J.: 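One structure coming up, written as structure tokens, with questions to follow.
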Amino acid sequence: QAIAEAGEGSDRFTPQAVLHEISGFKDQLITPEVAAEQSRDWRARTIARLYAAYEKVLRRSSALDFDDLLCRPARLLRENAEVRERLQQRFRNMLVDEYQDTNHAQFCVVLELAREHRRLCVVGDPDQSIYGWRGADLRNILQFEQSFPDAAVVPLGENFRSVKPIVQAADALIRHNRRRRHKDLTSMRGEGEAPRYVRCLDERSEAERVVREIREASDRGVPWKGMAVRYRMNSMSRVLEEALRRAQVPHQVVRGTAFYDRREVRDLVAYLRLAANPGDELALARVANVPARGLGDTSLS
């Protein structure tokens, strides 16, 4: 809607791509005006313009997006001394988990809330930071003592989940990272079977290898229900399913739609959103014809 109102086409600027860039701006607490000032080429200027149009659509619907729930409080804490002091008094002791995956806005919230009382504990592991693509800033944990010079650092190297060979393999690999803090890892579960890894040519050879391993395990007496294949994302299952079918291996794909992703639940939530906020155009558009009322695009417009 914002792309259309700004006079651009969604073929050149897909909503998903534009929203990703807007999210990056909000993580850095950058407003549309600042984004426009910082733009150096045509594409950056257009994104800044779309950002401004998107904010207008949100205001018109009395809505906030997910990133606003972070960047608005962060800006409020930085700019409003009265609110900042009141919240500093309210939250006297703070614990932040998974600190390696915090972004700039989250860092600002933590910094402002803990600036006076300094009673802050953060828990995290730079080696387990996986959300850089979503704005996580590894510097928050690597440079923590620069922001809080009086902090005590306690390394936690005891692994209670994995056997020794797994921990050793992970440790040997992770030591190659440049941006990290070394800690000695030890397993609390003792010795165990060494991990194996196989390098495959492509996804098809990988699927065939998996099926071959399953068949060999079945021949050794392992029941079908005693085996499982785990994969990183749903899109990988198709090639595996084809290979299992060809080999006539009985299998069941275990996946499901998350509760809040079900159509009837999303429709009901849209009704609730509309009841709470009659200005929510997106919620109205979703349920105006649910159940069917014969409303066409023209009537809805």
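Quick caveat: nothing in here was measured; it's all calculated off a predicted structure. Just so you know, residue 1 is the first one in the sequence shown, and it goes up from there.
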J.: Roughly how far, to the nearest 0.5 Å, is CD1 of Ile141 from CG of Asp101?
T.: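 Nearest 0.5 Å value for the CG-CD1 distance: 9.0 Å.
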J.: Evaluate whether atom NE2 of His117 has more than 12 neighbouring non-hydrogen atoms of other residues, nucleotides or ligands under 6.0 angstrom away.
T.: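 More than 12 heavy atoms, drawn from other residues, nucleotides or ligands, come within 6.0 Å of this atom.
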J.: Please identify which of these residues, Phe107, Phe148, Phe144, Tyr131, meets the ring pair (Phe, Tyr, Trp, His ring centres under 6.0 Å) condition with Tyr99.
T.: Phe144
J.: Verify side chain to side chain contact (heavy atoms under 4.5 Å, CB included) between Glu191 and Val163, making sure each step is shown before the conclusion.
T.: CA-CA 6 Å; Glu191 299 294 336; Val163 292; over 6 Å; no
J.: Is there a donor in the side chain of Glu145 and an acceptor in the side chain of Gln143, or the other way round, less than 3.5 Å apart?
T.: no
J.: Do Asn277 and Arg273 come close enough that some side-chain heavy atom pair is under 4.5 Å?
T.: no
J.: Who pairs with Arg119 by salt bridge (charged side-chain N to carboxylate O under 4.0 Å, His left out), at least two apart in sequence or on another chain?
T.: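 Partners of Arg119 under the salt bridge (charged side-chain N to carboxylate O under 4.0 Å, His left out) test: none.
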J.: Can any side-chain N or O of Gln100 pair as donor or acceptor with the backbone N or O of Asp125 at less than 3.5 Å?
T.: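 Judged by distance alone, yes, a pair lies under 3.5 Å.
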J.: Just how far is it from atom CD of Glu112 to atom CD of Glu79, taken to the nearest 0.5 Å?
T.: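 The CD atom of Glu79 is 10.0 Å from CD of Glu112, to the nearest 0.5 Å.
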J.: Mind running side chain to side chain contact (heavy atoms under 4.5 Å, CB included) on Leu156 and Lys183 for me, showing each step along the way?
T.: CA-CA 8 Å; Leu156 303 173; Lys183 58 186 172 298; over 6 Å; no
J.: So which heavy atom on Ala35 is nearest to which on Ile30, and how close?
T.: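 In terms of heavy atoms, the two residues are closest at N-CG2, 3.7 Å.
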J.: Find out if a path of hydrophobic residues (ILVMFWY) with successive side-chain heavy-atom gaps under 4.5 Å connects Leu138 to Leu111.
T.: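 They do share one cluster, since a chain of ILVMFWY contacts under 4.5 Å joins Leu138 to Leu111.
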J.: Does Trp133 share a hydrophobic cluster with Ile130, counting links as ILVMFWY side-chain heavy atoms below 4.5 Å and allowing steps through other members?
T.: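 Cluster IDs for Trp133 and Ile130 match.
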J.: Restricting to non-hydrogen atoms, name the atom on Val290 and the atom on Arg286 that form the minimum distance, rounded to 0.1 Å.
T.: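 Shortest heavy-atom separation between Val290 and Arg286 comes out as CG2-O, 3.5 Å.
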J.: Show the nearest heavy-atom pair for residues Ser187 and Ser162, with the distance to one decimal.
T.: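 So the minimum-distance heavy-atom pair works out to OG-O, 2.7 Å.
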J.: Can you name the one residue among Asp67, Asp68, Thr31 that meets side-chain hydrogen bond (donor to acceptor under 3.5 Å, both in side chains) with Lys26?
T.: Asp68
J.: Less than 4.0 angstrom from a charged side-chain N to a carboxylate O is my criterion; do Arg139 and Asp137 meet it?
T.: yes
J.: Could you tell me the separation between the CZ atom of Arg92 and the CD atom of Glu116, rounded to the nearest 0.5 Å?
T.: 9.0 Å
J.: Between Arg181 and Leu142 (side chain of the first, backbone of the second, donor and acceptor by atom type, cut-off under 3.5 Å), is there such a pair?
T.: yes
J.: Give me the atom names and distance for the closest heavy-atom approach of Pro165 to Gly192.
T.: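 That would be CG-O, 3.2 Å.
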J.: Using modelled atom types and a 3.5 Å cut-off, is there a donor and acceptor pairing between side-chain atoms of Arg49 and backbone atoms of Ala6?
T.: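 At least one qualifying donor-acceptor pair exists.
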J.: Decide side chain to side chain contact (heavy atoms under 4.5 Å, CB included) for His104 and Asp27; before the verdict, give the C-alpha distance in whole Å, the side-chain angles of both, and the deciding distance to 0.1 Å.
T.: CA-CA 6 Å; His104 180 68; Asp27 281 351; 5.5 Å; no
J.: Quick check: is Val210 connected to Val239 through a chain of hydrophobic side chains (ILVMFWY, heavy atoms under 4.5 Å apart)?
T.: no
J.: Side-chain contact test, heavy atoms from C-beta onward, threshold under 4.5 Å: evaluate it for Asn177 versus Asp127 and give yes or no.
T.: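 A side-chain contact exists here, since the closest heavy-atom pair is under 4.5 Å.
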J.: Mind checking whether Gln1 and Leu282 have side chains closer than 4.5 Å, heavy atoms only?
T.: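 Counting from C-beta outward, Gln1 and Leu282 do come under 4.5 Å.
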J.: I need the minimum non-hydrogen distance between Gly135 and Asn103, along with the two atoms involved.
T.: O-CB, 3.2 Å
J.: Under 3.5 Å, is there a donor-acceptor pair between the side chain of Asn289 and the main chain of Leu295?
T.: yes
J.: Flag the pair Glu82 and Arg86 as a salt bridge only when some basic side-chain nitrogen lies within less than 4.0 angstrom of an acidic carboxylate oxygen.
T.: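 Arg86 and Glu82: salt-bridged.
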J.: If you count every heavy atom of other residues, nucleotides or ligands that lies below 6.0 Å from Arg263 atom CZ, does the total exceed 12?
T.: no
J.: Test side chain to side chain contact (heavy atoms under 4.5 Å, CB included) on Val229 and Leu244; report intermediate values, then the result.
T.: CA-CA 11 Å; Val229 181; Leu244 289 164; 5.7 Å; no
J.: Nearest heavy-atom pair of Ala105 and Ala74: which atoms, and what distance?
T.: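 So the minimum-distance heavy-atom pair works out to O-CB, 3.7 Å.
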J.: What is the distance from atom CG of Asp11 to atom CZ of Phe13, rounded to the nearest 0.5 Å?
T.: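 Here the rounded value is 9.5 Å.
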J.: Whether the side chain of Arg180 engages the backbone of Arg175 through a donor-acceptor N/O pair (distance < 3.5 Å, no angle test) should be reported.
T.: no
J.: Could you tell me how the ring of Phe25 sits relative to the ring of Tyr51: parallel (under 30°), tilted (30 to 60°) or perpendicular (over 60°)?
T.: parallel
J.: Do Val18 and Ile47 come close enough that some side-chain heavy atom pair is under 4.5 Å?
T.: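 Val18 reaches Ile47 side chain to side chain.
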J.: Spell out, yes or no, whether Met227 and Val249 are grouped together once hydrophobic residues are joined by side-chain heavy atoms under 4.5 Å, including indirect joins.
T.: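 Hydrophobic grouping puts Met227 with Val249.
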J.: With a 4.0 Å cut-off, would you call Glu242 and Arg245 a salt bridge?
T.: no
J.: For atom NZ of Lys56, decide whether the heavy atoms of other residues, nucleotides or ligands shown that lie under 6.0 angstrom number more than 12.
T.: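 Atom NZ in Lys56 is not packed in, count stays at 12 or less.
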J.: Are any of the side-chain heavy atoms of Leu240 and Tyr231 separated by less than 4.5 Å?
T.: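 Side-chain contact under 4.5 Å: yes.
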J.: Check whether more than 12 heavy atoms from other residues, nucleotides or ligands sit under 6.0 Å from atom CD of Gln16, and answer yes or no.
T.: no
J.: Could you tell me whether Arg209 and Glu213 make a salt bridge, using a distance below 4.0 angstrom between a side-chain N and a carboxylate O?
T.: yes
J.: Once rounded to the nearest 0.5 Å, what's the spacing between atom CZ of Arg293 and atom CG of Leu300?
T.: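 Result: 11.0 Å between the selected atoms.
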J.: When you compare the side chain of Asp280 with that of Leu284, does any pair of heavy atoms fall below 4.5 Å?
T.: no
J.: Around atom CZ of Arg238, are there more than 12 heavy atoms from other residues, nucleotides or ligands closer than 6.0 Å?
T.: no
J.: Assess whether atom CG of Asp150 is packed by more than 12 heavy atoms of other residues, nucleotides or ligands within 6.0 Å.
T.: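 Above 12, so yes.
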J.: Would you call Asn140 and Val110 a side-chain contact if the rule is heavy atoms closer than 4.5 Å?
T.: no
J.: Kindly say whether Trp42 contributes a backbone atom to a donor-acceptor pair with the side chain of Thr46 at under 3.5 angstrom?
T.: yes
J.: Kindly say whether Gln38 contributes a backbone atom to a donor-acceptor pair with the side chain of Arg40 at under 3.5 angstrom?
T.: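 Yes; at least one donor-acceptor contact below 3.5 Å.
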J.: Grouping I, L, V, M, F, W and Y whenever their side-chain heavy atoms are under 4.5 Å apart, do Val96 and Val109 come out in a common cluster?
T.: yes
J.: Could you check if a side-chain atom of Leu185 sits within less than 4.5 angstrom of a side-chain atom of Asn159, using non-hydrogen atoms only?
T.: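 Not in contact.
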J.: Checking Arg215 side chain against Ala247 main chain: does a donor-acceptor pair fall under 3.5 Å?
T.: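 Indeed, once roles are kept as given, a pair shorter than 3.5 Å links the two residues.
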J.: Can you tell me how far apart CG (Leu64) and SG (Cys71) are? Round to the nearest 0.5 Å.
T.: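 Between atom CG of Leu64 and atom SG of Cys71 there are 8.5 Å.
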